[in-house]
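Small disclaimer: the values here were computed from a predicted structure and weren't measured. Every heavy atom of this structure was used, including side-chain atoms; hydrogens, water molecules and symmetry mates were not.
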Amino acid sequence: MLRYIRLSPILLLLLAGSCKKNNGLDSKDLLVYMQGDFGDANNAITAELTLTPIAVWGNTVFQFPVYSTRQMAAAANVTITPDSSGVAAFNKKTGSSCILLPSNTYTIDITQLTIHTDSMQSGPLTVTITNPAALTDTNGYVLPLTITKVTGKDEGVAISSNRATAYLYIPYAYTNVDTVQTLLSGTIADRTGWMVTVSNTTSGSLGPAMLDGSNSTAWRSSNSSTAAKWVVLSLPVAQTVRGLQLTPDYVSTGDNATRIRVSSSPDSVTWSVQGIWNGTGPASGTNATNPDFKGINFLSPVQARYFRLDILKWVSGSRTGIGELNAIQ
């Protein structure tokens, strides 16, 4: 006599779920795989390194464990190898033009990792960037790390076919702008012969207000949320400048810039981006009589005739502005 067993809906769901793929990997029972930053669509760890004229800012040590899709019944050894063939795949996926991270700029501490019994993660492989100052290619760099071998007694252990490689991605970043907005000590440059060109204006608050010697006036841009907002300073001759000094717009304190891209040029045709300045609006309690000066300070002095300030963020609203613009020599 046949007997039929009725399965509960919950048990049916559990059985169905057990047949699905694990974490978007292959459908085999036990796979080992590489993992970049969690949530990164390109399976990469991004190195936030910034070159400056005096040092390299940022972390130079990066760790890559390997993972398994379930706990190991027996330990598995996993071999990882730098894989130059992965550069093209990374560039295609990301739409970039990175080059392979040169072998003389990094070290790897170990290339065989172990996922121990009852574990789903190994200890890390550590990549250390030993010569970050040499990473000057503006296309950026990538180091693909690929699982090339796995051995173990756990039945069916294999390498994932779609996540066998993780990447160390090093985008190019350079700045000559200091992170602090405290004013430099030094001589304020003579403004004779200076001229300014601006993106747009508000009636009664034109560009020359930045050079009129009054903290009570200001250049104010148009009240547009989409129009570009910039200032180009033209000096009579090329000069060496250690930094720029901004007097806030006290006509409306909400206008003041908090993020500016600073560029320089010898001829107003070829421009060099010096970096991004991040600052704050004027401190509470300050005013045109007692202004809160802001310093855009260069890490290394800049020789140029033209300086361009692209204002990217400001305190509030759709208008930005500057009270006075000076240079420190």
Side-chain angles (χ1 to χ4, degrees), residues 173-179 181 183 188-239 241-282 286 288 291-298 302-328:
Y174 171 84
T175 190
N176 188 32
V177 176
D178 204 347
T179 56
Q181 60 180 342
L183 286 178
I188 296 180
D190 183 357
R191 297 194 295 187
T192 302
W194 282 26
M195 296 178 61
V196 289
T197 306
V198 297
S199 52
N200 38 64
T201 62
T202 290
S203 178
S205 298
L206 306 183
M210 287 182 282
L211 305 177
D212 66 2
S214 172
N215 294 341
S216 298
T217 62
W219 161 67
R220 302 178 72 205
S221 74
S222 64
N223 188 25
S224 168
S225 60
T226 58
K229 297 165 175 35
W230 50 260
V231 174
V232 174
L233 168 63
S234 171
L235 308 179
V237 295
Q239 299 181 30
V241 174
R242 297 173 53 234
L244 301 173
Q245 175 183 296
L246 305 181
T247 303
D249 169 10
Y250 283 106
V251 176
S252 176
T253 55
D255 293 352
N256 284 280
T258 57
R259 185 174 175 85
I260 301 174
R261 181 173 60 245
V262 185
S263 305
S264 64
S265 173
D267 53 13
S268 78
V269 176
T270 303
W271 292 91
S272 298
V273 176
Q274 296 298 327
I276 302 289
W277 174 82
N278 291 290
T280 58
T286 64
D292 178 19
F293 296 115
K294 305 295 181 181
I296 301 177
N297 305 322
F298 299 129
V302 176
Q303 174 80 7
R305 184 179 175 187
Y306 300 90
F307 291 88
R308 180 182 175 107
L309 308 181
D310 287 285
I311 301 175
L312 307 177
K313 290 184 180 180
W314 48 94
V315 175
S316 63
S318 299
R319 184 184 280 114
T320 189
I322 297 173
E324 289 284 302
L325 176 60
N326 282 286
I328 306 296

Quiz item: Would Tyr306 and Ser263 count as having a side-chain donor-acceptor pair, cut-off 3.5 Å?
Solution: no
Quiz item: Does any N or O in the side chain of Ser221 come within less than 3.5 Å of the main-chain N or O of Thr320, such that one atom is a donor and the other an acceptor?
Solution: yes
Practice problem: Work out which heavy atom in Ala304 is nearest to a heavy atom in Leu235; give both atom names and the distance. | Solution: O-CD1, 3.8 Å
Quiz item: Given Val237 and Arg305, is the side chain to side chain contact (heavy atoms under 4.5 Å, CB included) satisfied, shown in steps?
Solution: CA-CA 6 Å; Val237 295; Arg305 184 179 175 187; 5.8 Å; no
Self-check item: Reported CG-to-CE distance for the pair Leu211 and Met195, which is rounded to 0.5 angstrom
Solution: 10.0 Å
Quiz prompt | side chain to side chain contact (heavy atoms under 4.5 Å, CB included) between Thr217 and Asp212, intermediate numbers included | solution = CA-CA 8 Å; Thr217 62; Asp212 66 2; 2.6 Å; yes
Self-check item: Approximate separation, where rounding is to 0.5 Å, of Asp178 CG and Arg242 CZ
Solution: 11.5 Å
Quiz prompt | Minimum-distance pair of heavy atoms, taken over all atoms of Gly207 and Val196 | solution = O-CG2, 3.5 Å
Self-check item: Non-hydrogen side-chain atoms of Ile188 and Gln245 separated by less than 4.5 Å
Solution: yes
Quiz item: At their closest point, which heavy atom of Ile322 faces which heavy atom of Met210, and how far apart are they?
Solution: O-CG, 3.5 Å
Self-check item: Heavy-atom closest contact (Pro282 atom, Asn256 atom, distance)
Solution: CD-ND2, 3.6 Å
Practice problem: Ignoring hydrogens and angles, state whether a donor on the side chain of Lys294 or Thr247 is under 3.5 Å from an acceptor on the partner side chain. | Solution: no
Quiz prompt | Sidechain-backbone polar pair: Arg220 side chain, Ser203 backbone, donor-acceptor under 3.5 Å | solution = no
Quiz item: Are any of the side-chain heavy atoms of Ser224 and Ser318 separated by less than 4.5 Å?
Solution: no
Quiz item: Are the charged groups of Arg319 and Asp255 less than 4.0 angstrom apart, N to O?
Solution: no
Exercise. Can you label the angle between the Phe307 ring and the Phe298 ring as parallel, tilted or perpendicular, going by 30° and 60°?
Key: parallel
Exercise. Let me see the working for Asn278 and Ile276 under side chain to side chain contact (heavy atoms under 4.5 Å, CB included), right down to the final yes or no.
Key: CA-CA 6 Å; Asn278 291 290; Ile276 302 289; 3.9 Å; yes
Quiz item: In Å and rounded to the nearest 0.5 Å, what is the CD1 to CH2 distance from Ile260 to Trp314?
Solution: 11.0 Å
Practice problem: Begin with the C-alpha distance, continue with both residues' side-chain angles, and end with the deciding distance and a verdict on side chain to side chain contact (heavy atoms under 4.5 Å, CB included) for Thr258 and Val315. | Solution: CA-CA 6 Å; Thr258 57; Val315 175; 4.1 Å; yes
Exercise. Measure the spacing between CG of Asp310 and NZ of Lys229 and express it to the nearest 0.5 Å.
Key: 12.0 Å
Quiz item: Okay, side chain of Gln181, backbone of Ile296: is any donor-acceptor separation there less than 3.5 Å?
Solution: no
Quiz prompt | Heavy-atom pair with the smallest gap, counting every atom of Trp194 and Ala189 | solution = CZ2-CB, 4.1 Å
Quiz prompt | Pair Asp267-Ser265, side-chain donor/acceptor within less than 3.5 Å | solution = yes
Quiz item: Roughly how far, to the nearest 0.5 Å, is CZ of Arg308 from CD of Gln274?
Solution: 14.5 Å
Practice problem: Report yes or no: does Thr286 contribute a side-chain atom to a donor-acceptor pair with the main-chain N or O of Pro291 at less than 3.5 Å? | Solution: no
Exercise. Measure the shortest side-chain to side-chain distance between Val273 and Val262 over non-hydrogen atoms and say whether it is less than 4.5 angstrom.
Key: no
Quiz prompt | Check: Asn200/Ser222 side-chain N/O donor and acceptor closer than 3.5 Å | solution = yes
Self-check item: Pairwise side-chain contact, Val241 with Ile328, heavy-atom cut-off 4.5 Å (strictly under)
Solution: no
Quiz item: Do the non-hydrogen side-chain atoms of Trp230 and Leu312 ever get within less than 4.5 Å of each other?
Solution: no
Quiz item: What closest approach, in Å, do Trp219 and Asp249 show between heavy atoms, and which atom pair accounts for it?
Solution: O-OD2, 4.4 Å
Quiz item: Does some side-chain heavy atom of Leu309 sit less than 4.5 Å from a side-chain heavy atom of Leu244?
Solution: yes
